[in-house]
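Structure record follows, encoded as structure tokens.
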Amino acid sequence: MTLAEYMAACLHHPEHGFYATRDPLGRAGDFITAPEISQMFGELLGLALAQAWLDQGAPEGAILAELGPGRGTLMADLWRATARVPNFHGAVRVALVEASPTLRTIQARHLAHLKPSFCAGVEDLPDGPLFVIANEFFDALPIRAFQRDGTSWRERVVGLAGDDLVLGLAPASARPDLGDVPTAIDVVETCAPGQAIAAEVGRRIARFGGAAVIVDYGAMESREATLQAVAGHRRADPFAAPGEADLSAHVAFGPLMRAAAPASAYGPVPQGVVLGRLGIAERAKSLAAQLDGAALQDHYAAFRRLTDPAEMGTLFQVTGLAPKGAPPPPGLDPR
Ligand code: SAH
């Protein structure tokens, strides 16, 4: 099977899928994400989205959507931080795009005060100005990978060797549409579902207004094999225990940004730079004033983890979408 079929089964199989059957997030789980590290992440990105809403004339009937909300932590922090933006809470309806029944239950409980609606995909979102946040969502979408073989390309596929799942190569096929790949590059990954989602979000933002802030690890273009497995906060073999490890791949932002036309795309800008522009140092200081001892040490460690180039500050990148002619989402303006 293709890597995409394998990833989809490992993550979403109703009985055995990694996301379908558990809450993998947090210190006790399999991996930890930025909103679980510090409340500052959701607060600052939430204020950036609310500013984009103000910049576009504070439209009524807007949709505030999160893709892959995990435990709902980012949305809860965003909501609290935007309480004093005049009429923002009254003007938006919250919609959550979530595939996992287990995580939907957790989100419904955690975010009950927001009365969210749930959607299986972005195409099911209600019409209206669309303000989207997505953290570590696109990296979970199924990828295909192609390996150069002389003048042709062969797809990397999963097969059986005895009782073991192994990576193999399908016979050479017609060259997939990979664009211009520099000759030094031997493996290219593609993510058709990610491009389809970016296209739908971009189409809606161009038509109804709105903005998107997309955070993930990755780079402008896919230039190597990046499929990885993480279980219990450790790197694992992606083929050793299907459904027991998180599978993800680096996000290629270029194809997403191109798919989102006719909306204008900005970035990618390193996460540490964006959070810095949004005022994380000031926010960290004001939170620190109420803390001491171990809590204060943890708070500064979380600040460093989100922003330091040696931690998540550079590996994670932020891309934004806005209608043509509207200002870019705050933090993403080209300078
Ligand atoms: N944004 C959260 C969670 C990241 S984990 C955080 O930062 O903590 C990835 C999230 O995307 C999970 O909620 C997972 O269930 C969801 N997800 C993965 N694939 C999906 C898909 N195809 N459709 C909808 N949600 C999906």
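Both ligands and their constituent atoms are indexed starting at 1 by order of listing.
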Tell me the protein heavy atom at minimum distance from [atom], and give that distance in Å.
| atom | result |
| --- | --- |
| atom 5 (S) of ligand 1 | Y19 OH, 3.5 Å |
| atom 9 (C) of ligand 1 | E136 O, 3.3 Å |
| atom 18 (C) of ligand 1 | H12 CE1, 3.7 Å |
| atom 21 (C) of ligand 1 | A99 CB, 3.8 Å |
| atom 13 (O) of ligand 1 | E98 OE1, 2.6 Å |
| atom 7 (O) of ligand 1 | N135 ND2, 2.8 Å |
| atom 11 (O) of ligand 1 | G68 CA, 3.3 Å |

Heavy-atom closest contact ([X] atom, [Y] atom, distance):
| X | Y | answer |
| --- | --- | --- |
| V166 | A161 | CG2-CB, 3.8 Å |
| L111 | P116 | O-CD, 3.3 Å |
| A65 | L130 | CB-CD1, 4.0 Å |

Heavy-atom side-chain proximity of [X] to [Y] below 4.5 angstrom:
| X | Y | result |
| --- | --- | --- |
| Y19 | L247 | no |
| I214 | V318 | no |
| P142 | P193 | yes |
| T82 | E43 | no |

Tell me the contacting part of [X] for ligand 1: side chain, backbone, both, or neither, using a 4.0 Å heavy-atom threshold, strictly below.
| X | value |
| --- | --- |
| L74 | neither |
| L25 | side chain |
| R71 | neither |
| P35 | side chain |

Output yes when the distance from some N or O of ligand 1 to some N or O of [X] is under 3.5 Å, and no in every other case.
| X | result |
| --- | --- |
| T33 | yes |
| E36 | no |
| G70 | yes |
| Q107 | no |
| L103 | no |
| F137 | no |
| S100 | no |

Worksheet item: side chain to side chain donor-acceptor pair (under 3.5 Å): which pairs involve residues 216-244, sequence neighbours left out?
Response: E189-T226, Y217-S248, E221-R258, Q228-R235
Discussion item. Looking only at the aromatic ring of each residue, does the gap between the centers of F138 and F253 stay below 6.0 angstrom?
Written reply: no
Discussion item. Is it the case that the side chain of K324 and the backbone of P262 share a donor-acceptor pair, with hydrogens and angles ignored and the cut-off at 3.5 Å?
Written reply: yes
Response to the item:
For L141, the ligand 1 atoms with a heavy-atom partner under 4.0 Å come out as 22 (N)
Response to the item:
By salt bridge (charged side-chain N to carboxylate O under 4.0 Å, His left out), R71 pairs with (sequence neighbours left out) D23, E36
Discussion item. Whether K285 and E282 form a salt bridge (side-chain N of Lys/Arg under 4.0 Å from carboxylate O of Asp/Glu) is what I want to check.
Written reply: no
